[in-house]
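Here is the structure we will look at.
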Amino acid sequence: MMAEDTDTTAALTTPPPRGPGWSFNWVGRIGLVVILFWALVALVGPWLAPYPPGQIVDYDFFTPMSANYWMGTDYLGRDIFSRILMGSRYTVGIALAAVTLACTLGVILGMVAAVAGGWFDMVLSRLLDAFNGIPSLLFGLVVVAAVGSSIPVLILTLTAIYMPGSYRFARALAVNVNTMDFVTVARARGESTPYLILREIFPNILGPVLADLGLRFVFIVLVLSGLSFLGLGVQPPNADWGALVRENIEGLSFGAPAVIFPSIAIASLTISVNMFIDNLPTKIRDRSE
Amino acid sequence: MPQSLQPWFLVIQRLGIALLTLVIVSFAVFFATEMLPGDVAEILLGQAATPEAVAGLREAMGLNEPALSRFIGWLIGLARGDLGTSYVNNIEVVELISGRLVNSLKLAGVTTVVSVPIALSLGIGAAMWRGSVFDRIVSMLTISVISVPEFMVATLAVLIFAVWLGWLPALSYGVDVSSLSAILKAYAMPVITLSCVISAQMIRMTRAAVIETINTPYVEMALLKGASRKRMVLVHALPNALGPIANAVALSLSYLVGGAIIVETIFNYPGVAKLMVDAVSTRDLPLIQSCAMIFCVSYLSLITLADVIALLSNPRLRR
């Protein structure tokens, strides 16, 4: 419905450069710009920080925004702007690592299950479905309770939580592609299973899989922030954005910027990824259909 | 294609799958907490414990038995309502949990009563006036709520209702039951936050369900025969959308589980989730296991309920 609107307006004004269905609309572009902005901040942000993120720069705590401290100071008097720049590395970095691992594993297993079928497919599907029966935040809580929290543990936990969903999604797509004529032809040619998966199926599910990766990234950012907010994610003195909100939650009752800005950072990232994915060119999103 | 199956058979099949899932989940919960590093006896006795003391405690707690037999013993205990004893304060877990569970159920119940009517009317309204300003505002709000963490919704609610408007206390510490207004104030913030979180999902799914029905030829026919838009949606489309809507409600309510963990913590609400988060920081394993199982059971039952409703209301799924 959304796509139809954009297609007709695009057709009315100027002919789109790469044919209909390939161009981004403005909502998607805004999303993309914000995503690129945070990616850049995560890469070079810590060098731009005006103060060392762990240093107490002001003996007054929860100070409001000022020329010296652009986003005020936190509950210990540390510069919030510097801490958000540093925090972007944890939030974006951990989420990106987890989503890459989860989707790579999920998509590979999903394609193999779809092509292999039989008991392998059935056992794996049942097992991973059972994993989906555990609420994500709860799973994180249990694992952190058992092994304690560190960045590798966080990445692996988040991977374990979101891999089953990715598997299910990729498998459903791959099952459809697997029955198409060109795959049957390739199989009749005598191509090997790895060839079928890599050259025939994978290119045809890539678009939707990438869109799914974006949504999963949002979920991971949300769960990571939730865990950090509960004090079970990134541990002090380091802090991701969720931990920054937790540290400064006392300031909430008088609306301190120290608690508002990290929240805005999380929201801007997740909302813009959603905007970007929702408005992907239809040709990319629905390639398999 | 086989004949459509008996609905009761499918329902039993779904329940069987749910039960199997529960066993796998309990397996995961048990072994995640029991098998991984850190011996419980050592943790309990602290750094200074002698090896003999640790060995004695292990023997007393039955930790020397094989893990599988402990797992089965634990499962049987769970089924009989014996949840074990807390490591930290030696109180029966059942005793610790029961009061908290009532509190959590109250919170969930009030939230459901508040959010379901609001969410359904907003969702149906958005579908009825699809593409209108109202629809766009509702869609934008729900997408925003879905894409931010639960604690941010809570933060925003505190900012609006406590800091700017000054109607409610910012963070309620404990439930004071001395007067009606105190109860209302204690419940207001958690309920507002949780309602926002689960309503957003419900509104989206309700809207989608109604729109799907509106797009069918028979509803279009009603419009062509001169039925008003309101009549078309409420009289013609809605009865057929009830199944998917009930499915959406049950699915959205499963978001209560994740939401409750954050909301009970941020507002210091004495429920099971708060108990569990506290138990995580003290590594009180029996308590963590029991709380985790409570959440998994409620989550699974809601998802299964949604599944069964979808099955019963849509004969096309019964193949």
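Just so we're on the same page: letters track the sequence lines, and every chain starts at 1. What you are looking at is a predicted structure, and each value in this text was computed from that prediction instead of being measured.
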Out of [options], return the one with the most heavy atom pairs under 4.5 angstrom to chain B.
| options | answer |
| --- | --- |
| Gly242(A), Gly231(A), Ser263(A) | Ser263(A) |
| Val273(A), Leu230(A), Val218(A) | Leu230(A) |
| Ile266(A), Val245(A), Thr270(A) | Thr270(A) |

Which atoms of Leu215(A) come close to chain B, meaning under 4.5 Å heavy atom to heavy atom: side chain ones, backbone ones, both, or neither?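 Answer is neither: Leu215(A) stays 4.5 Å or more from chain B.
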I need the minimum non-hydrogen distance between Cys296(B) and Leu138(A), along with the two atoms involved.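 Taking every non-hydrogen atom into account, SG-CD2, 3.6 Å.
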May I have all residue pairs that pass salt bridge (Lys or Arg N to Asp or Glu O under 4.0 Å) and include part of residues 154-169 of chain A, sequence neighbours excluded?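 Passing the test, one end in residues 154-169 of chain A: Asp129(A)-Arg168(A).
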Part of [X] lying under 4.5 Å from any heavy atom of chain A:
| X | answer |
| --- | --- |
| Ile261(B) | both |
| Leu22(B) | neither |
| Thr265(B) | side chain |

Output the option from Thr21(B), Leu156(B), Ile17(B) having the highest count of non-hydrogen pairs under 4.5 Å with chain A.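 Most heavy-atom pairs within the cutoff with chain A belong to Thr21(B).
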State which residues pass salt bridge (charged side-chain N to carboxylate O under 4.0 Å, His left out) with Arg246(A); sequence neighbours excluded, sorted by chain then number.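 For Arg246(A) there are no salt bridge (charged side-chain N to carboxylate O under 4.0 Å, His left out) partners, ignoring immediate neighbours.
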Go through it in stages, so that I can follow the logic: the residues are Phe151(B) and Ile249(A), the test is side-chain contact (heavy atoms from CB on, under 4.5 Å), and I'd like the CA-CA distance, side-chain angles, deciding distance and then a yes or no. CA-CA 10 Å; Phe151(B) 66 80; Ile249(A) 197 73; over 6 Å; no
Is there a side-chain contact (heavy atoms from CB on, under 4.5 Å) between Val142(A) and Met276(B) once you walk through the steps? CA-CA 9 Å; Val142(A) 171; Met276(B) 178 170 174; 4.0 Å; yes
